[in-house]
*Asks:* 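The structure is given below, and queries will be raised subsequently.
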Number of protein chains: 2
Amino acid sequence: MNTRLDLVFSALADPTRRAILAMLLEDDMAVTDVAEPFKVSLAAISKHLGVLADAGLISRERRGRVIWCKLEPDALREATVWMQGFGAFEPLDLDAFERFLEAELPDQQS
Amino acid sequence: MNTRLDLVFSALADPTRRAILAMLLEDDMAVTDVAEPFKVSLAAISKHLGVLADAGLISRERRGRVIWCKLEPDALREATVWMQGFGAFEPLDLDAFERFLEAELPDQQS
DNA sequence: CCTATATTCAACCCTTTGGTTGACGATCCA
DNA sequence: TGGATCGTCAACCAAAGGGTTGAATATAGG
């Protein structure tokens, strides 16, 4: 069990893969263009993209000769939820925050 | 570079280690007690604890014969910041939110 | 001091991972 | 059709990861 979380975290554990995700944050990219800034071979980048795709972090779509890579940030959600359990994030309890504001601010309409 | 982030994400990539962190969320624990629910050997758990400590996710302190393990959730902060860049979290830009409130609410003193 | 408990260390095993190179399939275009 | 481009596949290699067992260290307590 927990396989999905394993895949996501281990995909994120590699700096090359994190760099790829950061690049895809700006725009969808072809595999060749993803590989261009890196010193390793195209085949190595292709493998990294496979790992990212297996984790659900990107999707790939062929258009003509070119395969376009697209970030899928929703795949981070499960990992996010897990991490939230450790207080690493402000829990962003907006309801509580709104209640705080209502109690704190002077009434505005009688 | 990025070594710290590598260590944190790869530490989180193993389900046994995530389970250990979840256990430590409840309370500090001795190594032997951490190992008890798992099927693997004590030495294996000791290695996992080493990985977690190297990532900064736990600290260990010897008291007598017993080594107590303590969760260090702050070590997740850097990973959190990285993930926030991908829209997986509400960014919780409190400064921006406060500016929004100041602009939105009627003046309260002159 | 001697023994039991708590934990790590060391050596080993097998599998996975990240990299390489070279061949291959697919597509565009002249 | 034929050549160039895009990307993956296959086979291989070295290093790292997670596991084991058995010896070693440290401390507590009779």
Side-chain angles (χ1 to χ4, degrees), chain A residues 1-24 27-72, chain B residues 1-24 27-72:
Chain A
M1 74 195 74
N2 283 325
T3 305
R4 172 54 51 95
L5 222 38
D6 293 0
L7 291 175
V8 169
F9 281 129
S10 79
L12 295 181
D14 184 278
T16 300
R17 285 193 293 263
R18 288 198 307 276
I20 291 173
L21 292 176
M23 292 164 57
L24 292 177
D27 207 352
D28 299 356
M29 294 180 77
V31 173
T32 303
D33 295 331
V34 168
E36 195 274 329
F38 297 99
K39 292 184 298 280
V40 299
S41 68
L42 179 63
I45 297 297
S46 179
K47 279 194 192 179
H48 281 305
L49 292 171
V51 171
L52 291 169
D54 286 348
L57 289 164
I58 67 167
S59 58
R60 287 178 292 186
E61 184 195 351
R62 162 158 242 141
R63 280 207 289 279
R65 289 188 276 204
V66 171
I67 292 181
W68 292 91
C69 303
K70 181 179 183 308
L71 192 63
E72 299 289 349
Chain B
M1 75 195 75
N2 284 324
T3 307
R4 172 54 51 96
L5 223 38
D6 293 0
L7 291 175
V8 169
F9 280 129
S10 79
L12 295 181
D14 184 278
T16 299
R17 286 193 292 263
R18 288 198 307 275
I20 291 173
L21 292 176
M23 292 164 59
L24 292 176
D27 208 351
D28 298 358
M29 295 180 77
V31 173
T32 303
D33 295 332
V34 168
E36 195 274 330
F38 297 99
K39 294 186 297 281
V40 300
S41 68
L42 180 62
I45 297 297
S46 180
K47 278 195 195 178
H48 281 306
L49 292 171
V51 171
L52 291 169
D54 287 347
L57 290 163
I58 67 167
S59 57
R60 286 177 292 185
E61 185 196 351
R62 163 158 242 141
R63 280 207 290 277
R65 322 185 247 206
V66 172
I67 292 181
W68 292 90
C69 302
K70 181 179 184 310
L71 192 63
E72 298 288 350

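Just so it is clear, the model here is predicted, and its values are computed rather than measured. Labels below follow one simple rule: chain letters A, B, ... track the order of the sequence lines, proteins then strands, and each chain is numbered from 1.
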*Asks:* Test B:Leu57 against B:Glu72 for side-chain contact (heavy atoms from CB on, under 4.5 Å), laying out the working first.
*Replies:* CA-CA 5 Å; B:Leu57 290 163; B:Glu72 298 288 350; 5.9 Å; no

*Asks:* May I have the distance from A:Leu12 (atom CG) to C:dT17 (atom P), rounded to whole angstrom?
*Replies:*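 Taking CG of A:Leu12 and P of C:dT17, I get 15 Å after rounding.
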
*Asks:* Could you check how far CD of A:Glu61 sits from C1' of D:dC6, rounded to whole Å?
*Replies:*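 One finds 16 Å between C1' of D:dC6 and CD of A:Glu61, rounded.
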
*Asks:* To the nearest 0.5 Å, what is the distance between CD1 (A:Ile58) and NZ (A:Lys70)?
*Replies:*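 Spacing of CD1 (A:Ile58) from NZ (A:Lys70) equals 11.0 Å.
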
*Asks:* Rounded to the nearest Å, what distance is computed from the CG atom of residue A:Asp33 to the P atom of nucleotide D:dT5?
*Replies:*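 Between P of D:dT5 and CG of A:Asp33: 14 Å.
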
*Asks:* How many Å lie between CG on B:Asp54 and P on C:dT8, as a whole number?
*Replies:* 12 Å

*Asks:* Select one nucleotide: of C:dT8, C:dT7, D:dC6, the one nearest the side-chain heavy atoms of A:Val66.
*Replies:* D:dC6

*Asks:* At under 4.0 Å between heavy atoms, which parts of nucleotides 14-30 of chain D does protein reach? Answer with one letter per nucleotide, 5' to 3': B base, S sugar-phosphate only, - none.
*Replies:* ----SBBB-----BS--

*Asks:* Supply the atom-to-atom distance B:Cys69 SG to B:Arg60 CZ, rounded to the nearest 0.5 angstrom.
*Replies:* 6.5 Å

*Asks:* Hey, can you pull the donor-acceptor pairs under 3.5 Å for the side chains in residues 33-50 of chain B, sequence neighbours left out?
*Replies:*
residue	atom	partner	partner atom	Å
B:Ser41	OG	B:Ala44	N	3.1
B:His48	ND1	B:Arg17	NH1	3.1

*Asks:* May I ask you to verify if any side-chain N or O of B:Ser46 is less than 4.0 angstrom from the OP1 or OP2 atom of C:dT8?
*Replies:*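 Looking at the OP1 and OP2 atoms of C:dT8, one of them is under 4.0 Å from a side-chain N or O of B:Ser46.
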
*Asks:* Rounded to whole Å, please give me the gap between CE in B:Met29 and C1' in C:dA6.
*Replies:* 14 Å

*Asks:* I need the CD1-P distance between A:Ile67 and D:dT5, as an integer number of Å.
*Replies:*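 Result: 18 Å.
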
*Asks:* CZ of A:Phe9 versus P of C:dT17: gap in Å, rounded?
*Replies:*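 To the nearest whole Å, that distance equals 17 Å.
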
*Asks:* Once you round it to whole Å, what is the distance between C1' of C:dA26 and CH2 of A:Trp68?
*Replies:*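 My rounded result for the distance is 17 Å.
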
*Asks:* What's the separation between atom CG in B:Leu12 and atom CG in A:Asp6, rounded to the nearest 0.5 Å?
*Replies:* 10.5 Å

*Asks:* From A:Leu21 CG over to A:Arg18 CZ, what is the distance, rounded to the nearest 0.5 angstrom?
*Replies:*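 Here the rounded value is 9.5 Å.
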
